[in-house]
Amino acid sequence: MKTITSFEQYKADYKKSIEDPETFWTDIANDFLWKQKWTKTLEWNFDSPEVKWFIDGKFNITENAIDRHLATKADKTAFIWEANDENHLPRKITYQNLHDEVCKIANTLKSLGINKGDRVCIYMPMIPEAVFAMLACARIGAVHSVVFAGFSASALAGRIQDSDCKIVLTTDGAYRGAKDIVIKALVDEALEICPSVQKVLVYKHTHSAINIIEGRDVIWQDVVPNALSVCEAELMDSEDVLFILYTSGSTGKPKGVVHTCGGYMVYTCYTFQNVFQMDSSVSSLPEGEMPKAERELFWCTADVGWITGHSYIAYGPLLAGASSILFEGVPTFPDAGRFWKVIDKHKVTHFYTAPTAIRALEAQGLDFVKPYKLDTLKVLGSVGEPINEEAWQWYHKNIGKEKCPIVDTWWQTETGGILISSLAGVTPSKPSFATLPMPGIQPLLVDEKGNEILGNNVEGNLCIKFPWPSMIRTTYGDHNRCKQEYFSTYKGLYFTGDGCRRDENGFYRITGRVDDVMNISGHRIGTAEVESAINMHIDVVESAVVGYPHDIKGQGIYAFVIVPSTTKNHDSLRQEIIAEVNKIIGPIAKPDKIQIVTGLPKTRSGKIMRRILRKVAEGDVSDLGDTSTLLDPSVVDEIVNGKI
Ligand code: WT7
């Protein structure tokens, strides 16, 4: 695929992509391996909504991500796996190894009764087998639903039930920093209420003791190595479902975002190549010292349980034939220099991480950065939340040594790939601005009433007015929810849920969510989800949750909780509430602050005025706005006075 190499070319391509999107995307899609060409490039309407790309095209994404490269890159590294324990030898997986492993798992899944269209839940830590498993599903046309291994048994069960998964792929346990984490026991607990699951395939990773349920549980190492390492790829239609990925919305229940094969393939590869500007042409990644220009290595530090891991660990880099790092550990283990140590160790050239990680490492001081050269780095990336100017500067100066362009990539689970970002070293960048839309992306800002805000130096709600190949197709099992959440707020537009500023040069800066969704360390969590978990505690009468600015996490979770006046020991109550949230969602959703209150600011119609709570949580109580419409304005004083 030809990538954009100058700002002029970006402008010309952007223009073409808007004037004639179908020809633009046809040219790009032609670079892939199709068994049958599509008959029509695009059909769409944003009312139903219905979006179809590359209609009637037939192919398999794994033949594009793996088989296609074997003629010239069989020995090229697809992944280097860096274990949690730095003394553990890294595992190197070539494209040929990847092919063989994926086929073996694909054949195993078939022998366990998995067919095209069946849903497969993958609940695994960051080991190569997790990526192999995703691709194995794609190989046979099964739909993967990866659930982040930090979610609780109850959160896992909800996701398995929603899409009626037939099998769960998991491990005995996981290593996270200094901790050994139980995984299989959580699956066992979840499956007590998941009748659709017939089999559990367990990869022995930590070799910790596990419970085996006869007839249901199968040990990976007993079956996969014996399976055939060739497996014909299932012929898939462009609009067949590739995967479901659950994400939080404005209601309590996470929604299953559905992505389909054709558009997702074309868009993730296109954006990977253009945003990061990697040279993936080298046919093998040589051992030892080679001139820098001859080897490039990508490292996206996300977990495969999130969309970033799907698009820029699993699919994008492999479709492009690139080499990447797969990292099991955490940024602060054994110390806060781990990222930088791994960059030097493997000579990483392109590094893609989240602002929360940058801020956390910045807070540990430069002593953890100084021992490392970091001289192989060429491009830095940021994703998941707005990057504040200070973190941007720190990253630029201390990690990029003022030589590496930073791409601030804005996108969402629903968008499948990066929508707004600079192209590394090719288009201009500006600290804390995602900058310009990718070719094919037509952003616009609207006011509260849905009127388009024209011109520059303006701020509004970010919408997209034209389809792009990897956009959400539906929310699994509930198409109406997809329509309500994304296509109903502003008629005829896809609404992102984000606020956004467009500066005097037309550069976009995402300012954060404008709905009831929080962004905690780059993880999306709905306020309603946390509230319903808190409300499960027997003493809790009612609760309201808002996000507030947090130095490291970007946003922290602030919970206002009503308990009966007879509940005396508030400290132990807070601990119990946190335990409840851990149990129902997982540790990522636990409140940072819990304020016990006797009432919440409600309108006469019973609606909680979150605006007021947000102000209190932010510590800005100078102007709480009009409180006269409240049922009981006096609760506001109590809340302000009791602020933690
Ligand atoms: C929300 C999507 C995109 C993969 C990771 C998160 C926020 C994401 C940026 C950025 C400012 C960003 C938005 C978006 N976000 N990237 N570069 N600058 N905000 O995916 O869980 O679907 O969350 O993350 O608020 O709506 P997600």
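Predicted, not measured: the structure shown is a model, and the values here were computed from it. Below, each value reflects all heavy atoms present in this structure, side chains not excepted, and no hydrogens, waters or symmetry copies.
A donor-acceptor pair shorter than 3.5 Å cannot be found between the side chains of Asp592 and Tyr558. Judged by distance alone, the side chains of Ser163 and Arg119 never bring a donor and an acceptor atom under 3.5 Å apart.
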Test ring-ring contact (aromatic ring centres under 6.0 Å, His included) on His88 and Trp81 and set out the steps.
CA-CA 10 Å; His88 194 296; Trp81 180 67; 5.5 Å; yes

For the pair Lys378 and Glu296, evaluate salt bridge (charged side-chain N to carboxylate O under 4.0 Å, His left out) and give the outcome as yes or no after the intermediate values.
CA-CA 9 Å; Lys378 295 181 186 177; Glu296 293 206 327; 2.5 Å; yes

Determine, step by step, whether Tyr264 and Ser311 satisfy the side chain to side chain donor-acceptor pair (under 3.5 Å) criterion, reporting the C-alpha distance in whole Å, the side-chain angles of both residues, the deciding distance to 0.1 Å, and the verdict.
CA-CA 9 Å; Tyr264 182 82; Ser311 302; 2.7 Å; yes

Applying side chain to side chain donor-acceptor pair (under 3.5 Å) to Thr353 and Thr301, what does each step give before you reach the verdict?
CA-CA 5 Å; Thr353 196; Thr301 67; 2.8 Å; yes

What verdict does the salt bridge (charged side-chain N to carboxylate O under 4.0 Å, His left out) test give for Glu576 and Lys583, after you've listed the backbone C-alpha separation in whole Å, the side-chain angles of each residue and the deciding distance to 0.1 Å?
CA-CA 10 Å; Glu576 286 168 32; Lys583 193 171 118 219; over 6 Å; no

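Across every non-hydrogen atom of His259 and Thr413, the tightest pair is NE2-O, 2.8 Å. Across all non-hydrogen atoms, the minimal contact from Tyr175 to Asp180 is CD2-OD1, 3.3 Å. Contact record, Ile585 with Ala155: O-CB, 3.6 Å, taken as the closest heavy-atom pair. Of all heavy-atom pairs between Ile588 and Ile525, the closest is O-CD1, 3.4 Å. Taking every heavy atom of both residues into account, Leu169 and Ala133 meet most closely at CD2-CB, 3.6 Å. Shortest non-hydrogen contact noted between Gly321 and Lys73 is O-NZ, 3.3 Å.
Looking at Asp498 and Arg509, no side-chain N of the basic residue comes within less than 4.0 Å of a carboxylate O on the acidic one, giving no salt bridge. At a threshold of 4.0 Å, the pair Arg216-Asp188 counts as salt-bridged, since one of the basic side-chain nitrogens sits closer than that to a carboxylate oxygen. For the pair Lys370 and Asp367, the salt-bridge criterion is met [side-chain N within less than 4.0 Å of a carboxylate O]. Salt bridge Lys345/Glu82: present, at least one basic N to carboxylate O contact under 4.0 Å. The pair Asp100-Lys104 does not count as a salt bridge, with every side-chain nitrogen at least 4.0 angstrom from each carboxylate oxygen. Remark: Lys401 does not engage Asp375 in a salt bridge, criterion side-chain N to carboxylate O under 4.0 Å.
In terms of the salt bridge (charged side-chain N to carboxylate O under 4.0 Å, His left out) criterion, Arg68 has no residue partners (sequence neighbours excluded). Qualifying ring pair (Phe, Tyr, Trp, His ring centres under 6.0 Å) partners for Trp392, counting only residues two or more places apart in sequence or in other chains: His396. For Tyr95, the ring pair (Phe, Tyr, Trp, His ring centres under 6.0 Å) partners two or more places apart in sequence, or in a different chain, are His69. Partners of Tyr352 under the ring pair (Phe, Tyr, Trp, His ring centres under 6.0 Å) rule, at least two apart in sequence or in another chain, are Phe276.
Heavy-atom neighbours of Lys179 NZ from other residues, nucleotides or ligands within 6.0 Å: at or below the threshold of 12. By the 6.0 Å contact criterion, CD on Gln364 is enclosed, its count of non-hydrogen atoms from other residues, nucleotides or ligands being greater than 12. Atom CG of Asp335 has more than 12 heavy atoms from other residues, nucleotides or ligands within 6.0 Å. Within a 6.0 Å radius of NZ in Lys593, more than 12 heavy atoms belonging to other residues, nucleotides or ligands are found.
Atom CG of residue Asn519 and atom CD1 of residue Ile510 lie 12.0 Å apart, to the nearest 0.5 angstrom. To the nearest 0.5 angstrom, Ile93 atom CD1 is 11.5 Å from Ser323 atom OG. Distance CD1/Ile472 to NZ/Lys255: 7.0 Å, rounded to 0.5 Å.
Taking 4.5 Å as the limit, some side-chain heavy atom of Leu135 sits within range of a side-chain heavy atom of Leu98. Two residues are said to be in side-chain contact when any heavy atoms from C-beta on lie closer than 4.5 Å; Leu70 and Gln96 meet this criterion. Using a 4.5 Å cut-off on side-chain heavy atoms (C-beta onward), Phe298 and Met278 make contact. In this structure, His310 and Ile313 have side chains that are not in contact, with every pair of non-hydrogen atoms separated by 4.5 Å or more. Two residues are said to be in side-chain contact when any heavy atoms from C-beta on lie closer than 4.5 Å; Pro591 and Ile534 meet this criterion. The shortest side-chain heavy-atom distance between Trp220 and Ile105 falls under the 4.5 Å cut-off. In this structure the side chain of Trp306 never reaches within 4.5 angstrom of the side chain of Leu245, judged on heavy atoms. Residues Val407 and Leu423 form no side-chain contact, since every pair of their non-hydrogen atoms from C-beta on lies 4.5 Å or further apart.
Aromatic pair Tyr476/Tyr246: ring centres not closer than 6.0 Å. Under the 6.0 Å cut-off for aromatic ring centres, Tyr123 and Phe148 do not qualify, their centroids lying 6.0 Å or more apart.
For the side-chain contact (heavy atoms from CB on, under 4.5 Å) criterion with Cys121, the lone passing option out of Val197, Val200, Ile160, Ile167 is Ile160. Checking each of His523, Arg524, Glu529, Lys253 against Ser248 for a side chain to side chain donor-acceptor pair (under 3.5 Å) leaves exactly one that passes, namely Glu529. Evaluated for a side-chain contact (heavy atoms from CB on, under 4.5 Å) with Lys590, the options Ile520, Asn582, Ile557 yield exactly one hit, Asn582.
Although no hydrogens or angles enter the test, the distance criterion places no donor-acceptor pair under 3.5 Å between the side chain of Asn388 and the main chain of Ser432. With Arg295 contributing its side chain and Lys347 its backbone, the two residues share a donor-acceptor pair below 3.5 Å. Lys204 places no side-chain N or O within donor-acceptor distance of the main-chain N or O of Asp172, the cut-off being under 3.5 Å.
Applying the ring-ring contact (aromatic ring centres under 6.0 Å, His included) test to residues at least two apart or on different chains, the pairs with a partner in residues 399-419 are Tyr312-Trp411. Pairs of residues two or more places apart, or lying in two chains, that qualify as ring-ring contact (aromatic ring centres under 6.0 Å, His included) and include a residue from residues 317-348 are Trp299-Phe327, Trp299-Phe339, Phe339-Phe351, Trp340-Phe351.
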